[in-house]
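We name chains A, B, ... by the order of the sequence lines, and we start the count at 1 in each one.
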2 protein chains.
Amino acid sequence: MEKQTVTIYDVAREAGVSMATVSRVVNGNTNVRAETKEKVEAVIERLDYRPNAVARGLASRKSTTIGIIVPDVTNVYFSELARGIDDVAQMYNYQIILTNSDEKNNSNVFESLLGKQVEGILYMGNIIDDNLRDKIKKNNVPVVLSGSVDVEKQLPSVNIDYVSAMYEVTKHLIEHGHQKIAFVSGPLDETINTEFKFKGYQKALVEAGLDYTDDLLVSGDYNYQSGYQLGAMVHDSGATAAVVVDDEMAAGVLNYMTDQDVVTPDDFEIVTLNNSHITLLTRPQLSSVTQPIYDIGAVSMRMLTKLMNGEELDTHDMILPHGYAGRGTTK
Amino acid sequence: MEKQTVTIYDVAREAGVSMATVSRVVNGNTNVRAETKEKVEAVIERLDYRPNAVARGLASRKSTTIGIIVPDVTNVYFSELARGIDDVAQMYNYQIILTNSDEKNNSNVFESLLGKQVEGILYMGNIIDDNLRDKIKKNNVPVVLSGSVDVEKQLPSVNIDYVSAMYEVTKHLIEHGHQKIAFVSGPLDETINTEFKFKGYQKALVEAGLDYTDDLLVSGDYNYQSGYQLGAMVHDSGATAAVVVDDEMAAGVLNYMTDQDVVTPDDFEIVTLNNSHITLLTRPQLSSVTQPIYDIGAVSMRMLTKLMNGEELDTHDMILPHGYAGRGTTK
DNA sequence: TTCGCAAATGAAAACGGTTGTATAAGTTTT
DNA sequence: AAAACTTATACAACCGTTTTCATTTGCGAA
């Protein structure tokens, strides 16, 4: 980056005013005579002047930049969240620094974001270790969880009510007469699975007086292959239905069953959770809890702007409504 | 953002050296006595000092930040590119500012990225209007196209050979005896479709002496619904096979056919282009050109680092190898 | 006309670093 | 032991803004 071509100083000189005045017109300060303003704007136009956001950030101590930490953008769930975030960020003139953490280097990523002087951070992912928690506390940068839960309820967050959602769909399956319903989970070190999604599932079983046996719980990674493999275990368990926490996994389970000549939904029913467009691709199409992923992103960004403005949050843990879309994998 | 807690000045004072020296140890400059270095590092550790990247950027005129412009992260093709980019960016200690353009505000997005003093830009998308081209020229910031083509060959780029890829798969279908093969395209204002993908398809037809009629070319957006709709048109055209430029569209075509009791691959064959994991979800699974999307991202980022270092590019337009994966939608 | 006050402008000090140049401290050479 | 180099460190200018504070200007009222 060589020396910047045209600076505020050049504009000031050309317009015959001080840089302070230029700064004022650039920032829309009202205390500038209309005439002066026009003159300056003309020069800005002519010189094609563009304020240096870095210098501006240093002087004003406002970077108009936020950080977003995501396990993996490649996963549609997260990219949708990111999209929601970006859209409202652009609306508020914030720029986004995006980093993939793979849920591994969370606190390193966090640190380097701080170095960039981000004004806030949107965190996605369900593993929040003490180290990270510490750093968040020490550097009082606003952090909001987006589609991710904090068991300790310290960080503000935006989610749907996973417990209810899972409870409802499980109950739905129970009403269809199933006695053995499998729970196809993501990694069990993520509390969102153990403390929320599983809890809802379990609640429905208990309420219906159904036995829960360990072989009904299988867990893997959030992808198709993993789902396909787990399909075998589900099959072996003798379950006649499954609730699945991820659409790609669900597609895996479905296709496994199909490949074993187990007909869905006649012999086996499946409900998944994220309602991504993947649910439409399979045959039969996947019945799913519907959740406003894009909105979760958008709302969490909106919350962050409030926090960055020093405003109070009226809701610390925002719960967005979910629904249900019955498609081909349920009767 | 209130006043930064601990600055380089604090460290200098505590360590009894000048800030210049602190700066040197932070930046790994060799001209520092080992003893001094240790002393300073201890203080840094103790004070939990973290350099302010903004100030650093201003002083050094290096932001260690690059911009990436993407039509829509939500599309797996692009998120996968982005992932490749991020991984090598992290390797080189660059941070990424990500913006979704929807192929609309390209030059605005570009401008605001420049304001942030990004050291380079990775551009994804196939619409490069004169306005944007102008801005790129004026502000000599390195720009590399990632998985996107520039008909005018002005901007360095990383892609696969779309013409050959399409040619090959079309030829493959012709060899299966098809006389009427549809071309399911994305938007026709994108040169990547008209000048590359379609050309390859056409070449195969011509070579085989097959007639090309306009009803064999249908175009829509890169999503499932669009593909499903186009499926109807393809069906009407009397085609017995189709090459499709996007996996989700291909899934749409496939499912449309299936819903019309047209059996794939017996009565209809399909080949798609991106080989995303979506190809595995459908039944039958989609045969596809295979392309190293992640690598395209990674390589383009690598190219950008070279450009940012003022190095020469040995290849202006990098072509990565592609392949073919025959699955269920072809015989 | 002159005053007084609000509005418009300018001068200069930050913001937190990097970096070129000068100086001080060590090492070799002779 | 002095001269001639190296190597380590300090000083201070600079990066391009914002922002405080002081000053000037403009204008209606006295």
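A salt bridge links Asp87(B) with Arg83(B): at least one charged nitrogen is closer than 4.0 Å to a carboxylate oxygen. Taking a cutoff of 4.0 Å between a charged side-chain nitrogen and a carboxylate oxygen, Glu111(B) and Arg50(A) qualify as a salt bridge.
Residue Tyr49(A) is tested with Val43(A), Val11(A), Asp10(A), Val40(A) for a side chain to side chain contact (heavy atoms under 4.5 Å, CB included); the sole match is Val11(A).
When rounded to the nearest whole Å, the span between NZ of Lys62(B) and P of dT18(C) equals 11 Å. Atom CZ in Arg50(B) sits roughly 11 Å away from atom P in dG17(C) (whole-Å rounding). For Leu58(B) and dT19(C), the CG to P distance is 12 Å, given to the nearest whole Å. If you measure from atom CD1 of Ile8(B) to atom P of dC14(D), you get 19 Å, rounded to the nearest angstrom. The CD atom of Glu38(A) sits 12 Å away from the P atom of dT9(C) (whole-angstrom rounding). Taking atom NZ on Lys37(A) and atom P on dT9(C), their separation rounds to 12 Å, with Å as the unit. Going from atom CG of Asp10(A) over to atom C1' of dG16(D) covers 10 Å, rounded to whole Å. Between Tyr9(A) atom OH and dT18(D) atom P there is a gap of 16 Å when expressed in whole angstrom units.
Side-chain contact between Leu145(A) and Ile128(A) is present, with at least one heavy-atom pair separated by less than 4.5 Å. Looking only at side-chain heavy atoms (C-beta outward), Val17(B) and Val22(B) come within less than 4.5 Å of each other. Between Phe78(A) and Pro71(A) there is a side-chain heavy-atom pair separated by less than 4.5 Å.
A donor-acceptor pair under 3.5 Å links the side-chain atoms of Asp150(B) to the main chain of Leu155(B), judged by distance alone.
Residues from residues 12-27 of chain A lying near DNA chain C, meaning a heavy-atom separation below 4.0 Å, are Gly16(A), Val17(A), Ser18(A), Ala20(A), Thr21(A), Arg24(A) in numerical order.
Between Thr36(A) and dT9(C), a side-chain N or O to OP1/OP2 separation shorter than 4.0 Å is present. Taking only side-chain nitrogens and oxygens, Arg56(B) never comes nearer than 4.0 Å to OP1 or OP2 of dG16(C).
Looking at which nucleotide of DNA chain D each of Ala55(B) and Arg33(B) is closest to, the 5′-most match is held by Arg33(B). Comparing Val54(B) and Ala34(A) against DNA chain C, the residue whose closest nucleotide sits nearer the 5' end is Ala34(A).
Ranking dA8(C), dT17(D), dT18(C) by closeness to the Tyr49(A) side chain, first place goes to dT17(D). You'll find that the side chain of Asn31(A) is closest to dT9(C), out of dT9(C), dT18(D), dG16(C).
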